[in-house]
Amino acid sequence: EKVIFSPKVLDYTEDLIRALFEENYFAFSENAIEYVRRLTAFCIEKIPLYPASIPPITLKVFGDYYLTYQSNQRTTWYIFFLHKGDNFLVTHIFNNHSPEAALLRN
């Protein structure tokens, strides 16, 4: 089984590292890098193992399935992906602070 990240998701994670540091969520860039590394490691390790949820129709554009990852008490990540054979393609990631998250709570 193989977990692959779409180019859009790879760009997002790079931007996320920069934003977390520049917006002072982390005092050191190394901490922002580690935070995002834990998020991507969760994807690689857990997507093939965890039972996934099916998103509401309004969010199907992001992927056929999603998992949640709680990085801390304030932030939950939603990881959308496609699954074909032994491959998983991570297609979109957002957190509970994103406008899309409201569509999961309805």
Side-chain angles (χ1 to χ4, degrees):
E1 295 178 331
K2 187 174 183 180
V3 176
I4 304 161
F5 296 88
S6 73
K8 183 181 92 166
V9 170
L10 291 173
D11 288 345
Y12 175 77
T13 58
E14 289 291 318
D15 292 342
L16 179 60
I17 291 168
R18 193 170 18 267
L20 288 169
F21 177 64
E22 289 175 358
E23 295 174 22
N24 295 314
Y25 287 98
F26 294 101
F28 300 101
S29 61
E30 293 82 7
N31 294 353
I33 292 166
E34 178 60 19
Y35 180 86
V36 173
R37 189 204 63 75
R38 285 194 308 268
L39 172 61
T40 56
F42 174 87
C43 295
I44 292 165
E45 295 167 12
K46 303 302 183 185
I47 283 177
L49 303 176
Y50 278 26
S53 299
I54 296 174
I57 195 78
T58 53
L59 295 176
K60 283 284 240 180
V61 66
F62 296 136
D64 293 338
Y65 306 97
Y66 75 97
L67 284 182
T68 60
Y69 166 67
Q70 187 149 4
S71 58
N72 57 50
Q73 289 182 327
R74 297 175 312 279
T75 306
T76 300
W77 290 92
Y78 302 96
I79 303 148
F80 285 75
F81 61 94
L82 302 172
H83 178 207
K84 186 168 186 172
D86 286 341
N87 295 314
F88 300 86
L89 176 64
V90 179
T91 53
H92 196 72
I93 297 175
F94 61 84
N95 65 33
N96 58 298
H97 306 291
S98 303
E100 300 95 333
L103 299 172
L104 285 171
R105 293 189 286 267
N106 291 338

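Residues take their numbers from the sequence shown, with the count starting at 1.
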Between H97 and T75 the two heavy atoms that sit nearest each other are NE2-OG1, 3.3 Å
Evaluate whether atom NZ of K2 has more than 12 neighbouring non-hydrogen atoms of other residues, nucleotides or ligands under 6.0 angstrom away.
-> no
Does CG in L49 sit with more than 12 non-hydrogen atoms of other residues, nucleotides or ligands closer than 6.0 Å?
-> yes
Determine, using ring centers only, whether F21 and F26 are less than 6.0 Å apart.
-> no
Just do the side-chain contact (heavy atoms from CB on, under 4.5 Å) check on I79 and L39 with the steps written out, would you?
-> CA-CA 9 Å; I79 303 148; L39 172 61; 4.2 Å; yes
Atom pair CG (N31) and CZ (R37), whose distance is rounded to the nearest 0.5 Å | 12.0 Å
dist N95:CG -> E100:CD (nearest 0.5 Å) comes out at 9.0 Å
Step by step, work out the side-chain contact (heavy atoms from CB on, under 4.5 Å) result for I54 and Y65.
-> CA-CA 5 Å; I54 296 174; Y65 306 97; 4.2 Å; yes
Mind listing the closest non-hydrogen atom pair of L67 and P51 along with its distance?
-> CD2-O, 3.4 Å
How many angstroms lie between CD1 in I57 and CG in L103, if you round to the nearest 0.5 Å?
-> 12.5 Å
Kindly say whether the aromatic ring centers of F94 and Y12 come within a distance under 6.0 Å.
-> no
Is the closest side-chain heavy-atom distance between R74 and N96 below 4.5 Å?
-> no
Look at the rings of F80 and F62 and say which category their plane angle falls in: under 30° parallel, 30 to 60° tilted, over 60° perpendicular.
-> perpendicular
Are I44 and F5 side-chain neighbours, meaning at least one heavy-atom pair lies under 4.5 Å?
-> yes
Indicate the ring-plane relationship of F88 and H83, choosing parallel, tilted or perpendicular according to the 30° and 60° boundaries.
-> parallel
Partners passing ring pair (Phe, Tyr, Trp, His ring centres under 6.0 Å) against F42 (at least two apart in sequence or in another chain) | Y50, Y69
Closest approach of W77 to S71 (non-hydrogen atoms, all atoms of both residues) | NE1-OG, 3.4 Å
With hydrophobic residues grouped by side-chain heavy-atom distances under 4.5 Å, do I47 and V9 end up in a single group?
-> yes
Could you pull out the closest heavy-atom pair between Y78 and A101, with the gap in Å?
-> CE1-CB, 4.1 Å
Nearest heavy atoms of C43 and P48, plus distance in Å | O-CD, 4.1 Å
According to a 4.5 Å side-chain heavy-atom criterion applied to Ile, Leu, Val, Met, Phe, Trp and Tyr, with indirect links allowed, do L10 and I33 form part of one hydrophobic cluster?
-> yes
Between D15 and R18, is the closest basic N to carboxylate O distance under 4.0 Å?
-> yes
Salt bridge present between E34 and R38 (N-O < 4.0 angstrom) | yes
Check L104 against P56 and note the closest heavy-atom contact, atom names and distance.
-> CD2-CD, 3.6 Å
Stepwise side-chain contact (heavy atoms from CB on, under 4.5 Å) check, Y25 with L16 | CA-CA 11 Å; Y25 287 98; L16 179 60; over 6 Å; no
Please write out which residues are connected to L89 in a hydrophobic cluster, directly or through intermediates, given that two of Ile, Leu, Val, Met, Phe, Trp, Tyr count as joined at side-chain heavy-atom separations below 4.5 angstrom.
-> I4, L82
Is it possible for you to say whether V3 and Y66 belong to one hydrophobic cluster, with membership spreading through side-chain heavy-atom contacts below 4.5 Å?
-> no
How many angstroms lie between atom NZ of K84 and atom CG of D86, to the nearest 0.5 angstrom?
-> 12.5 Å
